[in-house]
Amino acid sequence: METFKFYSPEQEIKLPLFKEKEVRVFVKRDDFIHPFISGNKWRKLKYILKSAKENHKNTLVTFGGNWSNHLLATAAAGANFGFHTFGFVRGEPVKNPVLALCHTFGMRLQFTSREAYGDKNTLYKQFFEGNPDSVFIPEGGYSREAMQGCAEIAEEFDHSYEAVFCAAGTGATAAGLWQGIDSHTPHSELHVIPVLKGGFIPSEIKKLGVDPKNIFFHENYHFGGYAKTKPELLTFIQDFVSQTGIMIEPVYTGKSFYAAYDLIRKDTFKRGSTLLLLHTGGLTGFLGMYEKFLK
Ligand SMILES: *Cc1c(COP(=O)(O)O)cnc(C)c1O
């Protein structure tokens, strides 16, 4: 499968804190990859789509909540690369901008009770059993193929970074990124910020074959749980966006960038260090919370 060329530069950001602490901070702009097949979701889908093409599948079937960046990325990727797409959406039927975008890219949406959604294999069988053309993509793209795409992020690094930061939802991006770092820039530390409460990311990463001992986890930046916020997070996002011109949102990148900023403030990194924040994209997440930014 021919994939598309994309641009993901590493851009230095200069904030007063970084000058004071004598660190250089870059952002890897995976948010530039595509407006809707955004950031890590393209990294994760790339090899899943390649193997679907090789196996002559024509329908991508996947799962997500009603603001899911993964559903939208799958819908847009399907339209770009010639697949039908089908999305099981968790919960009661609702309307929102992300689902409208999925629909516009041609995804068939099937709202599913939370109970039924819990058993994805059964759901898939109910709708697609015996269909030789369809392919099951796990929620969030969580898979070994996803790791392969995320490992490529580290191959692109322009600098030698002391530490790299990324947000985690399922942990597949972090696991793949760690593999890429391990083979291309093994002196770099990987700092992972789970955006959900519960401390389960290390075990999810272990299931993907990566020893979590190699990774630094920061479990105290979830701000109450998935898609939860606090006033200090919203204030940080507003300050960061207005001072750098780089858009971030409260669900993923806001939390990971906040954590990096806070760890720098607490002198976690030596003077002279060069650090990288991975911008994993997903900016439509902002739309689900825009009211919080209008005081
Ligand atoms: C999905 C997503 C993540 C989390 O990726 P995982 O591989 O599930 O850990 C991080 N950032 C953004 C913007 C996302 O959309």
Side-chain angles (χ1 to χ4, degrees), residues 8 27-48 62-77 90 98 101-102 137-154 164-180 190-210 212 215 217-219 221-223 225-227 237 246-260 276-289:
S8 173
V27 176
K28 183 161 177 61
R29 301 295 307 269
D30 267 14
D31 56 320
F32 282 178
I33 290 179
H34 186 281
F36 303 112
I37 317 174
S38 179
N40 68 335
K41 297 305 184 281
W42 168 245
R43 305 282 189 179
K44 293 166 84 174
L45 282 169
K46 180 177 169 189
Y47 288 100
I48 295 176
T62 197
F63 307 83
N66 51 41
W67 285 96
S68 166
N69 295 329
H70 167 70
L71 276 186
L72 177 53
T74 305
R90 185 181 58 236
V98 167
L101 286 163
C102 288
I137 303 179
E139 182 175 34
Y142 176 87
S143 61
R144 301 260 173 168
E145 284 119 313
M147 290 169 67
Q148 193 185 347
C150 295
E152 292 177 353
I153 298 170
V164 177
F165 295 84
C166 88
T170 66
T173 301
L177 182 55
W178 185 82
Q179 288 191 324
L190 177 59
H191 290 259
V192 171
I193 296 89
V195 303
L196 296 91
K197 208 160 52 178
F200 58 84
I201 295 291
S203 67
E204 292 299 303
I205 285 179
K206 198 167 184 180
K207 282 187 215 158
L208 292 170
V210 168
I215 298 174
F217 293 94
H218 301 285
E219 294 284 358
Y221 295 100
H222 56 66
F223 292 89
Y226 185 70
I237 291 171
I246 298 174
M247 186 63 196
I248 54 175
E249 47 65 48
V251 184
Y252 292 102
T253 46
K255 291 179 182 178
S256 61
F257 286 25
Y258 182 105
L276 181 72
L277 317 185
L278 179 63
H279 195 313
T280 42
L283 293 173
T284 46
F286 183 85
L287 301 177
M289 302 216 184

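Each ligand, and each atom within it, is numbered from 1 in the order the structure gives.
Checking side-chain atoms of Thr62 against main-chain N and O of Ile137 turns up a donor-acceptor pair under 3.5 Å. Under the 3.5 Å distance criterion, the side-chain polar atoms of Thr280 are left unmatched by any main-chain donor or acceptor of Gly39. Looking only at distances, no side-chain donor or acceptor of Glu145 sits under 3.5 Å from a matching main-chain atom of Gly149.
Judged as a side chain to side chain donor-acceptor pair (under 3.5 Å), and not counting sequence neighbours, Gln148 has no contacts.
Ring-plane geometry between Tyr221 and His218 is classed as perpendicular, the angle between the planes exceeding 60 degrees on a 0 to 90 degree scale with a lower cut at 30.
Ligand 1 lies under 4.0 Å from heavy atoms of Asn40, Lys41, Lys44, Asn69, Ala168, Gly169, Thr170, Gly171, Ala172, Thr173, Tyr252, Thr280, Gly281, Gly282.
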Any chance you could lay out the ring-ring contact (aromatic ring centres under 6.0 Å, His included) test for Phe257 and His279, step after step, and finish with the verdict? CA-CA 9 Å; Phe257 286 25; His279 195 313; 5.8 Å; yes
